[in-house]
A.B. asks: 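Shown below is the structure under consideration.
Scope of the values below: all heavy atoms of this structure, side chains included, with no hydrogens, waters or symmetry mates. Residue numbers start from 1 in every chain, and the chains themselves are labelled A, B, ... in the order their sequence lines are given, proteins ahead of strands.
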Amino acid sequence: MKPGMSRGLREHLKEHYLSESLATERLNELHDLLRGDEIPQRSSKSREVRLRFYVRVSAVAASLALVAIPLSYELGKRAGMSSAELQASGRREDGNRVIPDHPAVRLVAIKMHADWCNRCPLIAPIFDRIERDYGARAVLFVTLDVTDDVRRRQSEQLADALGIRWILDRELRTGIIALVDRAKQEILAIASEPDDGPLFALAISDRLPD
Amino acid sequence: MKNEHGDLREELQHGYRFALALTHDRARAEDLVHEVVLRFVRSEHQVTRWVLFRSIKNLFIDELRRSQARPELVPFDENVACSIPARDDAEWDEPLHLSNGTLTHALAKIRPEERAVIYLAAVEELTAQAIADLLEWPRSTVLSLLARGRVKLRAHLEEQVDG
């Protein structure tokens with residue numbers, strides 16, 4: 001606002017708001033997303049292509065260096081569980097599996113959940129089915145609940161402990177399942193539709209050792 | 001398909017400014033726009049400035065309700081509209097001497113819904129009826145918010161000038 005300008009309130013308000021703009025890079029990113037330039041449309045592209053797109057995007061998304069955090073005891077401390085409880089339970093109160101940290105556990109399937117999300121019930125069966133199929137095969141299944149500030153903070157603590165906090169910073173929408181490589185901090189695949197299950201399972205099995 | 005709609009950058013900038021009017025916080029405004037854009041990614045809805053505005057408003061209210069940090073955004077008390085005399089439009093153009101940052105501080109002190117209707121009236125130059133249609137609020141509520149918002153904004157501005 002230029003000091004000393006004697007104009008009407010309307011003009012001051014116009015100048016105030018019109019001086020505010022999204023940064024060009026951010027604007028272009030949102031614009032491309034909105035126009036669907038970057039995301040293959042369901043009607044014209046196969047879901048396999050869409051999945052490949054997400055894999056491609058993940059390479060761009062990964063920017064932070066890996067900070068390895070020993071999972072089991074760190075997670076237990078942050079979640080307020082004793083090491084004995086942690087070893088014995090295998091599953092936290094919020095339903096997340098607790099498994100010992102190991103370099104082999106690189107894949108994390110993350111369900112982005114909120115109670116108010118209409119799409120979450122549609123996507124939950126995929127998560128449950130894949131967890132049944134792959135839960136014992138070096139894949140960690142985690143639900144990050146962002147229903148409200150309290151649950152979001154708990155999810156942030158859990159994500160910190162798992163070294164996947166960056167996924168929350170990406171502000172992915174709820175009602176999706178993301179497969180991430182926590183060593184490389186990459187999103188490998190995203191399931192966002194009820195029938196994305198087989199492709200998501202394929203994305204997991206392709207990355208598991210024989 | 002959305003690809004047919006051409007360049008939407010200008011609409012996004014307006015959407016961001018409207019979100020800024022609601023939130024009075026750049027980061028939250030950007031988050032709101034981002035979230036709304038994500039909701040449109042798979043939608044077949046035609047994206048226009050007014051569709052963006054309505055979605056931003058709805059999302060903002062949803063977030064308020066979820067956080068339960070504030071009561072209902074608009075009280076829908078239509079009687080309030082009668083308690084404050086409608087100001088003449090000339091008031092908008094009454095000369096006002098402002099220094100740096102004064103308006104920002106004054107805007108922070110009024111309610112989000114008041115900032116929203118003031119933004120739509122002053123910057124987007126919409127009529128009260130158009131604002132009512134856009135925000136899906138009664139016209140009397142819009143008039144009330146506009147009148148109260150302007151009175152409060154002026155009072156806060158004068159307070160800062162006098163102080």
A.B. asks: Is the closest side-chain heavy-atom distance between E125(B) and K14(A) below 4.5 Å?
C.D. replies: yes

A.B. asks: Hey, are the side chains of L8(B) and L30(A) touching, using non-hydrogen atoms and a 4.5 Å cut-off?
C.D. replies: no

A.B. asks: What distance separates T104(B) OG1 from H16(A) NE2, expressed to the nearest 0.5 Å?
C.D. replies: 4.5 Å

A.B. asks: Hey, is the main chain of S21(A) close enough, under 3.5 Å, to the side chain of R17(B) for a donor-acceptor pair?
C.D. replies: no

A.B. asks: About how many Å separate CG of D7(B) and NE2 of H31(A), when rounded to the nearest 0.5 Å?
C.D. replies: 4.0 Å

A.B. asks: Could you state the interatomic distance from CG (L13(A)) to CZ (R115(B)), rounded to the nearest 0.5 Å?
C.D. replies: 12.0 Å

A.B. asks: Mind checking whether N28(A) and R9(B) have side chains closer than 4.5 Å, heavy atoms only?
C.D. replies: yes

A.B. asks: So which part of A29(B) gets closer than 4.5 Å to some heavy atom of chain A, the side chain, the backbone, both or neither?
C.D. replies: neither

A.B. asks: With the side chain counted from C-beta on, respond yes when H34(B) and R26(A) share a heavy-atom pair under 4.5 Å apart, and no when they do not.
C.D. replies: yes

A.B. asks: For the residue pair Y119(B) and Y17(A), does the interplanar ring angle fall in the parallel (under 30°), tilted (30 to 60°) or perpendicular (over 60°) class?
C.D. replies: perpendicular

A.B. asks: Would you confirm whether E30(B), through its side chain, and L22(A), through its main-chain N or O, come within 3.5 Å as a donor-acceptor pair?
C.D. replies: no

A.B. asks: Could you tell me the separation between the CG atom of L153(B) and the NE2 atom of H12(A), rounded to the nearest 0.5 Å?
C.D. replies: 11.0 Å

